[in-house]
There are 2 protein chains.
Amino acid sequence: MNALDLDRQLCFALYSASRAMTASYKDLLAELGITYPQYLVMLVLWEEGSNDEGVTVKRLGERLQLDSGTLSPLLSRLESLSFVTRHRSAEDSRRVLVRATAEGAAAKERAECVPARIGERTNLDPASMPELLETLRALTRNLRAEPAPVESPDPPAAPLNSHRASALTARH
Amino acid sequence: MNALDLDRQLCFALYSASRAMTASYKDLLAELGITYPQYLVMLVLWEEGSNDEGVTVKRLGERLQLDSGTLSPLLSRLESLSFVTRHRSAEDSRRVLVRATAEGAAAKERAECVPARIGERTNLDPASMPELLETLRALTRNLRAEPAPVESPDPPAAPLNSHRASALTARH
DNA sequence: CACAATTGAATTGTGTGCAATCATTTTCGT
DNA sequence: ACGAAAATGATTGCACACAATTCAATTGTG
C-alpha cells in the first residue's frame with residue numbers, strides 16, 4: 001500500500017545485499033591483507049596485467065566504474081602494501097601504469113578459492129545465477145544510461161528487460 | 001574458465017548495481033536536500049515514527065543494518081537540517097529517541113513520487129520485481145547468517161533458496 | 001544493597017565513493 | 001609552430017561504513 005515501505009524497495013534490497021556481500025568477503029580477504037575494493041582492483045590487474053605492460057588508472061576506472069578520487073588513494077595503499085607498483089608511462093606521461101608485484105601476483109593463487117567460498121555462503125541455486133547476474137547487469141546499465149534530465153518526452157532508449165526473455169533456469 | 005573473472009562475479013554485479021542505484025537517487029533526493037542513507041533513515045521514521053514516540057537509534061540500526069558509528073553523525077546532520085530531533089528517553093536515558101520534525105514529515109509528501117521515478121529508470125519488468133526482491137533478501141539473509149568460523153563440519157543451517165521454489169512470475 | 005555484566009550511543013580511526021578543482025601533458029585546429 | 005581544448009591523474013572536501021573503544025545508564029545476581 002505504501003510506496004515508501006522500506007522493505008518493498010528494490011534500492012534497499014540491493015543496498016543491503018551489497019553490504020552483506022562486502023562484509024562476507026572481509027574475513028576471507030583479511031588473510032590476504034586487503035579490502036574488498038582493493039581486491040576488485042587486483043582482479044582487474046590479474047586479468048589484464050599479465051602482459052606486464054600494466055593497466056592505466058583510467059582503465060581500472062572503466063572496469064570498476066570508479067574515478068581517480070577513489071582509485072588514487074586506494075592504489076597508494078596497495079602500493080604501500082607492496083601489491084602493486086605505479087609508474088608514469090614513457091609514451092604518454094599523463095598515464096600511470098599500475099602493475100602487480102610478485103607479491104601481488106602470488107596473492108592470486110591464494111585468492112582462487114575465495115569465489116567458491118562466497119558461493120557456498122550465498123546458498124543460492126547455482127542454476128539461477130546467470131539470470132540473477134544478467135538482471136543486475138541490465139539494472140545497472142539502465143540506471144547509468146538514463147538521467148532523463150528533467151522533462152524529456154521520450155527517454156525509453158533501453159527497453160530491454162532480461163527476466164521476460166529468459167527461462168527460469170537459463171544457462172549461458 | 002577463470003573463477004576470478006570480474007564480470008562473472010555476483011559480488012561485483014551487486015556492488016555495481018547498488019552504486020548505480022544510489023547515484024540514480026542523487027538528483028531526486030537533491031530536491032529534498034538529503035543523501036540516500038539519510039533518505040533511508042527518513043523512510044523508517046515515516047513508517048514507524050507516526051505515533052510521535054520517536055524511534056531509537058538502536059531500532060534504526062536494526063532496520064537499516066547500520067551501527068551507531070554510522071548513524072550518530074548521520075542523525076546529527078539530519079538534525080542540523082531540521083529534519084529530525086533527538087532526545088534522551090525519559091524511562092531509559094541510554095536511549096536516544098529520534099523524531100521527524102514538521103519539516104521532516106512534510107518531506108514525505110515530496111518523496112512519494114521518488115520510488116516510481118526510480119522504477120521507471122530501472123526499466124525492469126514489474127512482474128519480475130517480487131522474485132528479484134526475494135532473491136536479494138534470501139542472499140542477504142544467507143550471507144549474514146553463515147560466518148562458518150573456520151572449519152565447522154556442518155554449517156548448512158539455511159538450505160533455503162528462493163528461486164527453486166518460486167515460479168518465474170511469482171507474486172506475493 | 002553492592003557490583004559486575006550488559007546495554008545504548010557516541011567517539012575515534014581507517015578506508016572508501018564521489019563531486020569539484022587543479023596541474024601536467026598531449027592533441028588538434030589553424 | 002602556436003595556442004586553445006581535451007585528456008589524465010592527483011588533490012581536496014564531504015559523507016558514509018565499520019571496527020574498536022569509551023562512557024553513562026541499567027539490569028541481573030548474590
Side-chain angles (χ1 to χ4, degrees), chain A residues 11-12 15-27 29-30 33-42 54-62 64-81 83-84 86-98 144 147, chain B residues 12 15-27 29-30 33-41 54-62 64-81 83-84 86-98 144 147:
Chain A
C11 68
F12 182 64
Y15 170 80
S16 292
S18 179
R19 286 195 298 122
M21 181 67 83
T22 300
S24 191
Y25 266 91
K26 180 155 282 192
D27 65 311
L29 295 180
I34 60 179
T35 67
Y36 177 69
Q38 289 166 10
Y39 166 74
L40 292 181
V41 167
M42 295 310 297
V55 177
T56 65
V57 174
K58 175 181 173 60
R59 176 60 179 160
L60 289 172
E62 287 170 356
L64 304 176
Q65 293 292 307
L66 292 171
D67 67 9
S68 68
T70 299
L71 288 173
S72 284
L74 189 157
L75 290 169
S76 173
R77 284 183 284 269
L78 277 179
E79 193 172 32
S80 66
L81 287 172
F83 269 60
V84 307
R86 286 190 290 178
H87 298 292
R88 291 277 170 183
S89 165
E91 308 93 60
D92 186 341
S93 58
R94 288 172 305 181
R95 302 174 196 237
V96 167
L97 294 173
V98 183
R144 288 206 200 284
Chain B
F12 182 64
Y15 170 79
S16 292
S18 179
R19 286 194 298 121
M21 180 68 83
T22 300
S24 191
Y25 267 92
K26 181 155 284 193
D27 65 311
L29 296 181
I34 60 179
T35 67
Y36 177 68
Q38 289 166 10
Y39 166 74
L40 292 180
V41 167
V55 177
T56 65
V57 174
K58 176 181 173 60
R59 177 60 180 161
L60 289 171
E62 288 170 356
L64 303 176
Q65 294 292 308
L66 292 170
D67 66 9
S68 66
T70 299
L71 288 173
S72 283
L74 189 158
L75 291 170
S76 173
R77 284 183 285 270
L78 276 179
E79 193 172 32
S80 67
L81 286 173
F83 268 60
V84 307
R86 286 190 292 178
H87 298 290
R88 291 276 170 184
S89 165
E91 307 92 61
D92 186 340
S93 58
R94 289 173 304 183
R95 301 176 197 231
V96 168
L97 295 173
V98 183
R144 288 205 202 283

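Labels below follow one simple rule: chain letters A, B, ... track the order of the sequence lines, proteins then strands, and each chain is numbered from 1. What you are looking at is a predicted structure, and each value in this text was computed from that prediction instead of being measured.
- Across the interface with DNA chain D, nearest-nucleotide mapping of G69(A) and L74(B) shows G69(A) to be the residue nearer the 5′ end.
- Of all nucleotides in DNA chain C having an atom under 4.0 Å from a heavy atom of chain A, the first and last in 5' to 3' order are dG15(C) to dT26(C).
- A donor-acceptor distance shorter than 3.5 angstrom exists from the side chain of S72(A) to the backbone of S68(A), with no hydrogens or angles considered.
- Listed by residue number, the members of residues 86-95 of chain B with any heavy atom below 4.0 angstrom from DNA chain D are E91(B), D92(B), S93(B), R94(B).
- dA4(C): Watson-Crick or G-U partner is dT27(D), with both key distances under 3.5 Å.
- Rounded to whole angstrom, the span from the CG atom of L66(A) across to the P atom of dA10(D) amounts to 14 Å.
- Base engagement by T70(A) is indicated by at least one non-hydrogen atom pair under 4.0 Å involving a base atom.
- Remark: the backbone N or O of A30(A) is not paired with any side-chain donor or acceptor of D27(A) at under 3.5 angstrom.
- The nearest whole Å value for the distance from the CD atom in E79(A) to the P atom in dG9(D) is 14 Å.
- For V84(A) against L75(A), the heavy-atom pair with the smallest separation is CG2-O, 4.0 Å.
- Mapping K26(B) and Q38(A) onto DNA chain C by nearest heavy atom places Q38(A) at the nucleotide closer to the 5' end.
- Rounded to a whole Å, the CG atom of D67(A) is 17 Å from the P atom of dG13(D).
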I would like to know whether R19(B) and L66(A) meet side chain to side chain contact (heavy atoms under 4.5 Å, CB included); could you show each step before the answer?
CA-CA 10 Å; R19(B) 286 194 298 121; L66(A) 292 171; 3.3 Å; yes

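- At least one donor-acceptor pair closer than 3.5 Å links the side chain of Q38(B) to the backbone N or O of T35(B).
- Per the geometry, CD1 belonging to I34(B) stands 14 Å off C1' belonging to dA15(D), to the nearest Å.
- Residue Y15(A) places at least one side-chain N or O under 4.0 Å from the OP1 or OP2 atom of dA17(D).
- Within the 4.5 Å cutoff, the side chain of V55(B) has no heavy atoms near those of the L97(B) side chain.
- The distance from atom CD of Q65(B) to atom C1' of dC16(D) is 16 Å, rounded to the nearest whole Å.
- Side-chain atoms of S68(A) come within donor-acceptor range of the base of dA10(D), with a qualifying N/O pair under 3.5 Å.
- In this entry the distance linking CG of L75(A) with P of dA10(D) reads 7 Å, nearest Å.
- T56(B) comes within 4.0 angstrom of the backbone, heavy atoms only, and of no base.
- Taking the six-membered ring where tryptophan is involved, the planes of Y36(A) and Y25(A) are tilted, since the angle between them lies from 30° to 60°.
- Y39(B) has its OH atom 15 Å from the P atom of dC16(D), to the nearest Å.
- R95(B) places no side-chain N or O within 3.5 Å of a backbone atom of T56(B) that could act as its donor or acceptor partner.
- The main-chain N or O of A20(A) is never found under 3.5 Å from a side-chain atom of S24(A) such that the two would form a donor-acceptor pair.
- Spacing between atom CG of L64(A) and atom P of dG9(D) amounts to 14 Å, rounded to whole angstrom units.
- Remark: the backbone N or O of R77(A) is paired with a side-chain donor or acceptor of S80(A) at under 3.5 angstrom.
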